[in-house]
2 protein chains.
Amino acid sequence: MANLKDVAKRAGVSTATVSRVINGDSRVQMDTQHKVQKAIKELNYRPSRVAQRLRSKGKESKLIGLVLPDIENPFYVDMVKGIELAAYNKGYSVIIGNFSQNKARSEMYIDILKAEGVNGFIVAPVNNDDQKVTELVKSGYQVTCVDRDIAGVEVDVVKVNNEEAAYGAIKHLIDLGHRRIGHVGGQWDIPTTKARLAGYKRALLESGIPVEEDLIITRSSDFQSGVESTNTFLDMEHPPTALFTGNNLLTLGALRAIHARELHIPKDIAIVGFDDMYWSESLNPPLTAVHQDGFEIGRRATELLLNRMVEPDRPCIKVIMDAKLKIRKSCGTESPSAANDQS
Amino acid sequence: MANLKDVAKRAGVSTATVSRVINGDSRVQMDTQHKVQKAIKELNYRPSRVAQRLRSKGKESKLIGLVLPDIENPFYVDMVKGIELAAYNKGYSVIIGNFSQNKARSEMYIDILKAEGVNGFIVAPVNNDDQKVTELVKSGYQVTCVDRDIAGVEVDVVKVNNEEAAYGAIKHLIDLGHRRIGHVGGQWDIPTTKARLAGYKRALLESGIPVEEDLIITRSSDFQSGVESTNTFLDMEHPPTALFTGNNLLTLGALRAIHARELHIPKDIAIVGFDDMYWSESLNPPLTAVHQDGFEIGRRATELLLNRMVEPDRPCIKVIMDAKLKIRKSCGTESPSAANDQS
DNA sequence: CACTTATTTGTAAGCGTTTTCATAAATATA
DNA sequence: TATATTTATGAAAACGCTTACAAATAAGTG
């Protein structure tokens, strides 16, 4: 690969000049600019990002580190797409560390990304007082949190109002007449798990339905967990008449457990999921689910991060997006028989 | 962040010595090693990958570039997971470029990854004579192809026998008595699309069933395309009795179109998909699909690439893995009524 | 015309590493 | 004891780029 020097030699100028035209420094005379551009074309030259990054320490490294909870979850995949788009549009590359909801791996990735000289981070903290992320912010890295907030440190965040969204989903179930609603929750210490559970409880309480602890399971956030928790519910003497699943993967797991028993949705059991999927309508029956716009979350987060790079001292922005309940057919369509029960 | 010099000063040695102990050079005395290790610990030092990469040009850059067709497709996600695991196990980082089945973006990413100084590439060529990838190989980069092969240049490949797998799927349908089988294919110029179509045709021909061109649609490889192609079939005067969908996304699209018309699978229409998903059993009815092990493909590809880095001149290896038809319930379970029809 | 000011380009240092070569100390050899 | 050999460490160059500073030329100014 050709380098700066080669280009400089060919164009008959110094490396400084070449660097200047590459970086759009205006005080280079037009005809020299042309000479240089020509040489660049002829040699098919591209500047080495590595050298650029080393030289201009952070400032112009053009690399974003993304620390992602679970690439298996379609919601996060959407987020990745939003981030990628926004980043590459501005000439930034993205390096992804997928930590599979595992704290140790998350920390490993943060270290790796630091060593890779990333310019800023987009992170979903593992929990509400994620030390590693806190430390990151404190040592001066540019950080934007997605999907989850973090306490004790000022940082930009883009997320959804999880509590409210869960509340809405449960409310929907209650309006449809359900009283025994099982909650298939994710890993207990993840902020979103807590918020969604809180929404679940509030909806129940507000409708005068007591919260039964054995109708709440928070295990792990993965597919298998969804299968197992659902089986636990289905094995009960009086199984719940409806399920609220805490994320995409849990929903899919629940579906599997339900179909394995050849139960009918929503007649035998209703289900509302947190996280929509673009193929929710491909399911049979189409899934009623809380939709959060992963793509947009990713895009906004990237924007915030890039923006902070040029303006490091602006006050923090918390973007709380709305999640929308997409009512399809997995909860039944009976008219809200018990709607008046609500307190 | 502390750097080499800081560590050296603290340990009272030269930077060269520090570098040596980091890289496990054995001819450093034990007690100096300890001193250095201590200083590293105390300063919480991690070498800058950027500087390492710049200095040791390619050789030890510890960075793999992944050029991925579609991160939305769960099959590729599995592949990513396999690659990540294998890579990080050996201390390599992975940088992902997701080109969404778009040639121009694929080329852009290859350029970016080159500029990022990656040590080697894992690529799914956009088509059988992908010039950009060919050029990559010719200019001396280490490349492993996944999912798709490339002609005209020697390169390691890990993929599945697409033709054979498709053949098996169609054979299954034929054995179940189907004669009018519609093929919802992907983008025509992708090698896997061609191979799968070839398998489809061969199965038909071998069973003495004429290939009808209007039962074959190759559009794009995405979800929406799956919906549209399926609708086209369903609108026919004599719609096919079974569908063979060319990938995950197309399957999901087909499912959506089918459910939208409230058709019953497999009674009204049967479906067999290429690409299995871990949640295929979560569908109703559980999907019969060709399973290819994405994780393993990714793992093997990474192994091959890493291996080639230490032994650049070994002959090329083509790993052709088997795909397995997972028979579930989307094609019906009637005994193979017409099994004897086959020639 | 001598002098300041603006414009364009070049020189060279430095970003954090690795590595060659030289040097010093320790050990072996005659 | 003088010399050769091995072993452990350091000094400095290089990787490809950006940028502060210097220099040279062109253009105003009184």
Side-chain angles (χ1 to χ4, degrees), chain A residues 1-37 39-40 43-63 91 93 111-112 114-119, chain B residues 1-37 39-40 43-63 91 93 111-112 114-119:
Chain A
M1 282 272 275
N3 61 19
L4 248 205
K5 233 192 216 156
D6 299 331
V7 177
K9 194 185 297 176
R10 179 155 199 131
V13 298
S14 75
T15 60
T17 302
V18 178
S19 174
R20 287 193 187 102
V21 346
I22 288 171
N23 295 294
D25 191 321
S26 57
R27 56 199 178 168
V28 179
Q29 215 142 31
M30 266 310 177
D31 55 336
T32 12
Q33 285 200 32
H34 291 320
K35 271 193 304 189
V36 172
Q37 297 287 13
I40 289 178
L43 293 174
N44 190 24
Y45 166 77
R46 290 200 56 147
S48 156
R49 284 258 174 106
V50 180
Q52 290 182 319
R53 190 164 303 136
L54 177 61
R55 173 55 222 235
S56 27
K57 207 74 204 300
K59 192 145 180 19
E60 277 296 319
S61 82
K62 297 282 188 190
L63 220 209
S93 303
D111 283 336
I112 289 176
K114 270 160 102 176
E116 289 291 353
V118 300
N119 206 313
Chain B
M1 282 272 276
N3 61 18
L4 248 205
K5 233 192 219 159
D6 300 330
V7 176
K9 193 185 297 177
R10 177 154 200 132
V13 297
S14 74
T15 60
T17 302
V18 178
S19 173
R20 287 193 188 102
V21 346
I22 287 170
N23 295 292
D25 191 321
S26 57
R27 56 197 177 169
V28 179
Q29 215 142 32
M30 266 311 176
D31 55 336
T32 11
Q33 285 201 32
H34 291 322
K35 270 193 303 188
V36 172
Q37 297 287 14
I40 289 178
L43 294 175
N44 191 24
Y45 167 77
R46 289 198 57 148
S48 154
R49 284 255 173 106
V50 181
Q52 289 182 320
R53 192 165 301 137
L54 176 61
R55 173 53 222 234
S56 26
K57 207 73 205 304
K59 194 147 180 15
E60 277 297 319
S61 82
K62 298 282 188 187
L63 220 208
S93 302
D111 283 336
I112 289 176
K114 269 160 105 174
E116 288 291 352
V118 301
N119 207 313

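A quick note: this is a predicted structure, and the numbers were derived from the prediction, not measured. In what follows, every heavy atom counts, from backbone to side chain, and hydrogens, waters and symmetry copies are set aside. Chain A is the first sequence line, chain B the second, and so forth, proteins listed ahead of strands; every chain is numbered from 1.
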Check this one for me: any side-chain N or O of [X] less than 4.0 Å away from OP1 or OP2 of [N]?
X     : N      : result
A:Q29 : C:dT7  : no
B:Q52 : C:dG16 : no
B:N3  : C:dT17 : no
A:S19 : D:dT18 : yes
A:T17 : C:dT9  : no
B:S56 : C:dT17 : no

Report the distance from atom [atom1] of [X] to atom [atom2] of [N], rounded to the nearest whole Å.
X     : N      : atom1 : atom2 : value
A:L43 : D:dG16 : CG    : P     : 14 Å
A:R46 : D:dC17 : CZ    : C1'   : 15 Å
B:D25 : C:dT17 : CG    : P     : 17 Å
A:R53 : D:dC15 : CZ    : C1'   : 15 Å
A:K5  : D:dC17 : NZ    : P     : 11 Å
B:D31 : C:dA26 : CG    : P     : 12 Å

Whichever of A:T15 and A:R27 has its nearest DNA chain C nucleotide further upstream toward 5' = A:R27
task = Give one of base, sugar-phosphate or nothing for A:V28, where a contact means two heavy atoms less than 4.0 Å apart.
result = sugar-phosphate
task = Taking only the side-chain heavy atoms of B:R20 (C-beta and beyond), determine which of C:dT9, C:dT20, D:dC17 contains the nearest atom.
result =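 My answer, after comparing the listed nucleotides, is C:dT20.
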key: Residue B:R55, side-chain atoms from C-beta onward, closest of C:dT18, D:dT9, D:dG16   =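 The nucleotide sitting nearest to the side chain is C:dT18.
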key: Rounded distance (nearest 0.5 Å) linking atom CD of B:E116 with atom CD of A:Q52   =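 Interatomic distance, B:E116 CD to A:Q52 CD, rounded to 0.5 Å: 9.0 Å.
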B:R49 (side chain) and C:dG16 (base): donor-acceptor pair under 3.5 Å = no
